[in-house]
Amino acid sequence: MKFRKNLKFSTSGVRGIVGESLTPLLTCSLAAAYGRYVGGGRVLVGRDTRPSGEMIENAVVAGLLSVGCQPLLLGVVPTPTVQVMIVESGANGGIVVTASHNPAEWNALKLIGAEGTFLTENEYAELSDIYNQEDFHFCGEELLRKVKYIANGFKIHQDKIFNSIDIEDIRKRRFKVAVDCCNGVGAVYSRGFLEALGCEVFTVFDRADGNFERIPEPLPENLDALCELVIREKCDIGFAQDPDGDRLSVVDNNGVALPTHYSLMMAADHILSENPGTIVVNIQTTKNLEDIASSYGCGVEYAKVGEINVVRKMIEIGSEFGGEGNCGGVIWRRIHPGRDSFTTMALMLEMLSLCSESIAEIAATLDHYVNKSVKFYCSPFNSREIIRSLQERYSGEEQLTFDGLRINFEHGWVLVRQSNTEPVLRLTVENSSSELADQQLQRFTSEITELKNQLESEINV
Amino acid sequence: MRSFKLGTAGMRGMVGSGLTVERAVDFASAFGTLLDGGRVILGCDTRFSTNMLRHAASAALLGCGCEVLNAGIVPAGIIHFLTPHLKADGALLIGAGHQKAGCNAAIPLAAQGNYFNRIELQELLDIYHSHQYLGVPWNKIRKIKPIPEGAVYDYLDALCAVIDTRAIEKANFTVVADFCNGSGGAVGELVAERLGIKMIGINKIFSGILPHEPEPRPRTATQVQSLMSPLNADVGFVFNSDVSRMSIVTDTAETLSEEYTAPLAADYLLAKYPGSNVVSNICSTRSLDDIVTKHGGELFKTKVGQANVIDKMFETGALIACEGSGSLAGSNWVRGFDAFYVMALILEYMATTGKSLSALCSDIPRYHIVKSTVRCQSSQAYNLLRNIRGMARDGVINEEDGIRIDWEDGWVSVRASATEAVIRLISESKNIEKAADRDFKLRGMIEHQRGEL
């Protein structure tokens, strides 16, 4: 028997390795607890293309049925489609079987509430409580319901996007578009989606079998094949999705993969030009967003890292647009409150259709900052102590302290933040001047190292 | 009442309290681990909880690296046939058969389509109790596929090959069949078409709702009974929800006890193959003893349970194996109870002799049988049974399975059920009052003692 490892309960879902930690029993029990948590009723179930998806989906359906829920199966669909469909169908919640950008051996349950948003930390705690009860009650035969299948989930999602953008303008331009579907849900839907927008579509990694042929996170360094395709077919733009279709990266018309935060920057620029308003981004997001927003007379609010935190903040302050720059996540609440690569693609094309510039020309005008990052292996306790010391030391500066410590300087910022997934303290520095950025990186690196050594030696004494 | 049973008849219980979805995942994981991956057929009945159990079993089996062939809603007999036919390593039957609404079961079948024997069961339960299951990596997980198209027709072809369909077709029978809204409704018409009979099927809606007790009994046969005369039918059949048991209604609308299903078929087959032997369980009607003796054969008796009688049939080279619950297996047919096969045999019997069913029944020695149950937890049952022995002052005791006491003029059997939390009582005698009297006394004794425990 192999040692079971790597199970992770967090607000981004319950993730584990198939055949080791993420077992049929665990996923079934968790789905049952979730069904209880949402109070029975209808629960949507979708999945990405991973080979383990069918197994986990069956376990989830069994678990939901056991507590009297009616599972509505969407089949292989993007995560955002499930979010849209929860609201459209008035279901009590949804479960997506996907490990998002994690490698193929992983899978996970993403749990979504009745509003179409992921569960918050508190909601997870409540769910976990139910899951861990000894005397969990299942329903008897007479209360069990039947499974229903929904075939047109993505179509409804697509229509919702098309109703919110100017598709005629896009169609007129007959864009040549390349898409890297990462062998995920995009392989099923992206071609049809883009062709409906009048594009000539070229695809790569378009077998929907979940055998990922590239590293699934859509980072610039993983997109060589897409860049080549854009150059070979002389495309206007290239899109790279992750396996469950919530994140998006962009490749420009010269075949250059733009850093992930460009998706959010360009989308924000485009949205604010038509619908000005306060935008919400996570605390790691580039200061470029502030510049873009202020050029339209708008402000930026910051939220903790994590999609649900950004979404909660957006709902709280009534913001229409936001996202997470560092992972290519764009959130436009008009469609639904969550990251969505399809909405992002439509926005990019709408933006292109309204101007005469190429995507490379647009991108060249946007980024004015240098962003550098370094990580320290450090226990969670010491990380907290270091953050606290730095907070005191820089109490004279403008600080954001709800997720690590972010210190805002005139031309940039410094973020010291503990990772949610690893015992790592991460230092990120952004500044308009490369020199200043280097200086600050050096200064904070030595300060953190000093504090860390001090803390570790104290324990040794 | 909580009810949960693990045995050769699989994992059974009240859905939600005894048989939970988690236990089903565990059980199917143990099964998949025992098979070390391999091909597994899933067959289902129509109950509400069957879908849940099918999804749970599918997930568990896929997790063990199994290839899952989903047969959908089909009678047990077809799964017994398809398992070796499709070269599967095993099968899982999901459905509670004769058990009342609220119950369900998952029954593992071995590669020959037979129930697990004691040793195989022990291996399975050892894995189940260890909670250590096979988990294959992501790229070794296989898919759920439907069974090949036409697989059901292979079954029908095979069935017709062992039955004289020409004779049946010529006889132009009108047959009433009650499928109890179970899986029989899925293929009943196909079977009728192949046998060349006019079948009027009732209770064939896959609603998950049982229209009456699913156990074939005279009291559950009343719907069929009421149709016999208006439809001028030659025979009526009452099936349980997975078509493993059957009782018969005659052309004169007599609702025969399910106990007579086997003696009728045996009377026919033993005349056709003289000198053959029969296997039955310890508490089946004496009518069968009389029939076997009449034909000069031998009757072997085993513990109650499909696996016991069928394995004994193959071990002894007997012609048929049967149980008083209305089920029968033939050595030339699948390794399980298939009531469509028994139906075909009875029709063949009628067709080849040209006699009406009521006429054929008159050759069967008749007894009066009283069957009853006393609710009782398994933990108490065995104690209670031991105390019954006192009743047998003048009778002959047999303790093969529970206790059977034989007198000159009848017998009683008291045993703990393998499928439910009850004690089953059977009392048989030529004299109806005697049978009822013994049942009444016995029930009183057991209930009295249960009160004291």
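Naming convention: chains lettered A, B, ... in sequence-line order (proteins, then strands); numbering from 1 in each chain.
Contact annotation for B:Lys140: neither backbone nor side-chain heavy atoms come within less than 4.5 Å of a heavy atom of chain A. If you measure heavy-atom distances from A:Cys28 to chain B, the contacts under 4.5 Å come from the side chain alone. Of the two parts of B:Arg47, the backbone and the side chain both hold a non-hydrogen atom closer than 4.5 Å to a non-hydrogen atom of chain A. Within the 4.5 angstrom heavy-atom criterion, only backbone atoms of B:Cys103 (N, CA, C, O) approach chain A. Proximity to chain A (any heavy atom under 4.5 Å) is restricted, for B:Val25, to the side chain, taken from C-beta onward.
The aromatic rings of B:Tyr128 and B:His131 are tilted relative to each other, their planes meeting at an angle between 30° and 60°.
Between chain B and the residues A:Ala104, A:Cys139, A:Gly140, the most heavy-atom pairs under 4.5 angstrom are made by A:Ala104. With chain B as the partner, the residue from A:Val147, A:Leu144, A:Leu143 showing the most heavy-atom pairs under 4.5 Å is A:Leu144. Each of A:Glu105, A:Arg50, A:Glu142 has some count of heavy-atom pairs under 4.5 Å with chain B, and the biggest count is that of A:Glu105. For the set B:Val136, B:Leu19, B:Val68, B:Thr50, the count of heavy-atom pairs under 4.5 angstrom toward chain A peaks at B:Val136.
In summary, the side chains of B:Ser244 and B:Asn240 do present a donor paired with an acceptor at a separation below 3.5 Å, with no hydrogens or angles considered.
Within residues 30-49 of chain A, no residue has any heavy atom closer than 4.5 Å to a heavy atom of chain B.
A salt bridge links A:Lys110 and A:Asp246; the closest N-O separation between the charged side-chain nitrogens and carboxylate oxygens is under 4.0 Å. A salt bridge is defined here as a Lys NZ or Arg NE, NH1 or NH2 lying under 4.0 Å from an Asp or Glu carboxylate O, and A:Arg191 with A:Asp206 fails to meet this definition. Taking a cutoff of 4.0 Å between a charged side-chain nitrogen and a carboxylate oxygen, A:Arg247 and A:Glu217 qualify as a salt bridge. Here B:Lys100 does not pair with B:Glu213 in a salt bridge; the nearest charged N to carboxylate O distance is not below 4.0 Å.
For the side-chain contact (heavy atoms from CB on, under 4.5 Å) test with A:Asn107, the passing option among A:Pro51, A:Ser100, A:Ser52 is A:Ser52; the others fail. Each of A:Asn211, A:Thr203, A:Asp209 was checked for a side-chain hydrogen bond (donor to acceptor under 3.5 Å, both in side chains) with A:Arg207, and the lone residue meeting it is A:Asp209.
Interatomic distance, A:Leu72 CG to A:Tyr149 OH, rounded to the nearest 0.5 Å: 11.0 Å.
B:Arg39 places no side-chain N or O within 3.5 Å of a backbone atom of B:Ile41 that could act as its donor or acceptor partner.
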